[in-house]
Engineer: 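Supplied in structure tokens, the structure appears directly below.
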Amino acid sequence: MVLSAIRKAPEVIPLLVIMGTATTGATAFLIRQATKNPEACWDKKNNPHPWLNIKPDEQVKLYKPSHPSAADGKR
């Protein structure tokens with residue numbers, strides 16, 4: 001059905017590419033958040049509080065801005 005629609009109207013190809021890229025990116029971000037984020041606890045029996053195991057210098061956020069005022073804590 002999709003291939004016949006592409007053959008009849010090739011102008012939908014960019015739309016399909018954009019939607020496929022967005023879906024893949026959203027799925028990848030969801031998987032990363034579910035596996036790497038300390039707030040997502042899958043094993044409550046062996047590690048009920050995973051956020052307590054974070055070291056002070058460990059990067060857990062997806063993006064950490066390196067603005068000079070953010071480094072010294074002053075604004």
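This is a predicted model, so every value here is computed, not measured. Index from 1, following the sequence.
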Engineer: Which residue in the set Thr21, Leu16, Leu15 passes side chain to side chain contact (heavy atoms under 4.5 Å, CB included) when paired with Met19?
Structural biologist: Leu15

Engineer: Just how far is it from atom CD of Glu11 to atom CD1 of Ile6, taken to the nearest 0.5 Å?
Structural biologist: 11.0 Å

Engineer: Please enumerate all residues that pass side chain to side chain contact (heavy atoms under 4.5 Å, CB included) together with Ile18, with sequence neighbours excluded.
Structural biologist: none

